[in-house]
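The structure appears right after this line, and notes come after that.
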Amino acid sequence: MCLVLAAVWRVPLLLEPPTLSTDVYRYVWDGRIQRLGYDPYLVAPGNSKFRQLHTAETRLINHPDVPTPYPAAAELFFRAAMTVNESALAMKSAVVFCDASVVAVLFCWLQAWRRSTWWVLAYAWNPLVALEGAGNGHVDLLGALCLVLTAASLARGRRTIASIAFALGVGVKFLPATLVPLLWRRIRLRDAALGGAALAALYIPFLGHGSLPFGSLGDYLVYWRVNAPVYSALERVFPAAGLIVAPIAFGLATAFWTRWHFALESPEAWAWPVAVTLFFAPAIFPWYFLWLTPFLFTSCTFPLAVWTVSSLSAYWWLPSWTTTVAQYGTALGAVGWMLVQSVEARRAMRSSV
């Protein structure tokens, strides 16, 4: 019944046009022009030569002066969704299907490791998931599905499935690449090769134009600064283009640490490296936190659960410093509360001895 309720309140969000983000119209455009024989990495929606390709919805696209920044798995997902119907509703429906699939995989994972299956509600009832999935139709839920499938498959010894699922997740967005240390020495060389081949195969339809199929991704990394106080502060101190590797370095370091300090089936091992990467990222949008949401069902991930909800403050029509305080202050407060609880627990153990 609780899961039914979660499905019910997604229905009006699904049927209404997106109100907090217009990214879904970019998805519709990318899928549509692929079906028409064009390369989304080369075609800018605002180019007057392609004006006749637009629909009423794709004219609402944001940043029409640049081609797509999304990796190949996301692009092929857009194309597949548009074969059903070239509309935002079709795209959002495909994302909601991914949402439901995350629930199914997470439920099976909890059941397999004898954890309470009630923890699936930590995902299904997270307001961020409903708003950014059914509401705004963000493709990050496809990435979250790939990531939780990777973790669940690896914990159950299904290394080939885990490798391919991880490659597909990286093909949605490059964010989970910092989790590579978690797969180190846990998958066979053959599985790693299959994953790499799967990722490379995704790009085959976009090759042959004399340039790498990255679209506007480079411009996004260099110039976009949104809701990223930590990166902005570092950029003032170290104003160098190479600073963009900092989020990757911190994420990889965290993944190496969790690799040795948490068990294979621990959700903390998957959540914290992604969270640290986002913390130091040059642009942090609320829907990026969808990658964390399947793993937030332990006490060690409580601050991250708080952060996923407080990230919605980015939509407030208030001064930026207030949203920064609301978003990061609450998350850091949760970290402080956890530290206090940990210290008190240790003192209690010592006094009992």
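Just so it is clear, the model here is predicted, and its values are computed rather than measured.
Side-chain atoms of Thr324 come within 3.5 Å of backbone N or O of Ser320 as a donor-acceptor pair. Of the possible polar contacts, none joining the Lys92 side chain to the Asn136 backbone as a donor-acceptor pair under 3.5 Å is found. A donor-acceptor pair under 3.5 Å links the side-chain atoms of His54 to the main chain of Pro45, judged by distance alone. A side-chain donor-acceptor contact under 3.5 Å links Arg259 to the backbone of Trp184. Between the side chain of Thr254 and the main chain of Pro273, no donor-acceptor pair closer than 3.5 Å is present. One N or O on the side chain of Thr83 and one on the backbone of Ala80 form a donor-acceptor pair closer than 3.5 Å.
If you chain together hydrophobic residues whose side chains sit under 4.5 Å apart, Phe302 and Tyr328 never meet in one group. Cluster membership for Leu217 and Trp287, using ILVMFWY side-chain heavy atoms within less than 4.5 angstrom, is shared. Each of Val8 and Leu14 belongs to its own hydrophobic cluster when Ile, Leu, Val, Met, Phe, Trp and Tyr are linked at side-chain heavy-atom distances under 4.5 angstrom. Hydrophobic cluster membership differs between Leu141 and Val11, with clusters built from Ile, Leu, Val, Met, Phe, Trp and Tyr side chains linked at under 4.5 angstrom. Note: the hydrophobic cluster containing Val84 does not contain Val139 (ILVMFWY, side chain heavy atoms under 4.5 Å, direct or indirect links).
Here the OG-CE distance, from Ser299 to Met338, works out to 5.5 Å after rounding to the nearest 0.5 Å. With values rounded to the nearest 0.5 angstrom, Trp29 atom CH2 is found 9.5 Å from Arg59 atom CZ. Here OG1 of Thr301 is found 9.5 Å from CG of Leu292. Values are rounded to the nearest 0.5 Å. Once rounded to the nearest 0.5 Å, the distance linking CD1 of Ile187 with OG of Ser163 reads 3.5 Å. Distance CG/Leu290 to SG/Cys98: 11.0 Å, rounded to 0.5 Å. With rounding to the nearest 0.5 angstrom, the CH2 atom of Trp113 is 12.0 Å from the CG atom of Leu110.
Among all heavy-atom pairs drawn from Thr178 and Ile248, the shortest one is CG2-O, 3.9 Å. Taking each heavy atom of Tyr203 and Ala72 in turn, the nearest pair found is OH-N, 3.6 Å. Residues Ala269 and Leu182 approach most closely at O-CD1, 3.2 Å, considering heavy atoms. Looking at every heavy atom in both residues, Ser87 comes nearest to Met82 through O-CE, 3.5 Å. Smallest separation of non-hydrogen atoms from Phe256 and Trp260: O-CD1, 3.0 Å. The two residues Ala6 and Ala124 make their nearest non-hydrogen contact at CB-O, 3.8 Å.
In this structure, Tyr38 and Phe50 have perpendicular ring planes: the angle between them is above 60°, well past the 30° mark. The aromatic rings of Phe285 and Tyr288 sit perpendicular, their planes meeting at an angle over 60°, well past the 30° parallel limit.
Put simply, the residue from Leu202, Leu175, Leu199, Leu147 that forms a side chain to side chain contact (heavy atoms under 4.5 Å, CB included) with Val170 is Leu199.
Residues Tyr70 and Tyr27 form a side-chain contact, since some pair of their non-hydrogen atoms from C-beta on lies under 4.5 Å apart. For the pair Arg186/Leu264, a side-chain contact is recorded, criterion being any heavy-atom separation below 4.5 Å from C-beta on. Phe289 is listed as a side-chain neighbour of Ile284, based on a closest heavy-atom distance under 4.5 Å. Using a 4.5 Å heavy-atom cutoff, the side chains of Cys108 and Val105 are not in contact. Counting only heavy atoms from C-beta outward, the side chains of Ser216 and Tyr41 never approach each other to under 4.5 Å. Leu154 places none of its side-chain heavy atoms less than 4.5 Å from the side chain of Glu265. Looking only at side-chain heavy atoms (C-beta outward), Glu132 and Asp140 stay at 4.5 Å or farther from each other. The shortest side-chain heavy-atom distance between Val129 and Arg10 falls under the 4.5 Å cut-off.
Salt bridge annotation for Glu86-Arg35: present, with a cationic side-chain nitrogen under 4.0 angstrom from a carboxylate oxygen. Under the 4.0 Å criterion applied to side-chain N and carboxylate O atoms, Glu235 and Arg225 are assigned as salt-bridge partners. The pair Arg26-Asp23 does not meet the salt-bridge criterion, since no charged nitrogen lies less than 4.0 angstrom from a carboxylate oxygen.
Of the N and O atoms on the side chains of Glu268 and Thr258, not one donor lies less than 3.5 Å from an acceptor on the other residue. Checked by atom type, the side-chain pair Asn126/Thr293 shows no donor-acceptor distance below 3.5 Å.
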### Task
Step by step, work out the side chain to side chain contact (heavy atoms under 4.5 Å, CB included) result for Leu76 and Gln34.
CA-CA 9 Å; Leu76 295 176; Gln34 285 181 76; 4.1 Å; yes

### Query
side chain to side chain contact (heavy atoms under 4.5 Å, CB included) between Asp191 and Arg188: does it pass, once the steps are laid out?
CA-CA 5 Å; Asp191 300 321; Arg188 296 164 295 191; 2.8 Å; yes

### Query
Stepwise, does the side chain to side chain contact (heavy atoms under 4.5 Å, CB included) test hold for Phe297 with Tyr123?
CA-CA 8 Å; Phe297 54 87; Tyr123 169 83; over 6 Å; no

### Query
Does the pair His261 and Trp272 meet the rule for a ring-ring contact (aromatic ring centres under 6.0 Å, His included), with working shown?
CA-CA 12 Å; His261 290 82; Trp272 278 103; over 10 Å; no

### Task
Would you please test Phe262 and Trp257 for side chain to side chain contact (heavy atoms under 4.5 Å, CB included) and show each step?
CA-CA 8 Å; Phe262 288 99; Trp257 188 87; 3.4 Å; yes

### Task
Report the C-alpha separation of Trp125 and Trp9 in whole Å, then their side-chain angles, then the decisive distance to 0.1 Å, and conclude whether the ring-ring contact (aromatic ring centres under 6.0 Å, His included) test is met.
CA-CA 10 Å; Trp125 280 22; Trp9 65 58; 5.6 Å; yes

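In this structure, Tyr315 places its OH atom where more than 12 heavy-atom neighbours from other residues, nucleotides or ligands lie under 6.0 Å away. More than 12 heavy atoms of other residues, nucleotides or ligands sit less than 6.0 Å from atom CG of Leu339.
With sequence neighbours excluded, no residue forms a side-chain contact (heavy atoms from CB on, under 4.5 Å) with Val245.
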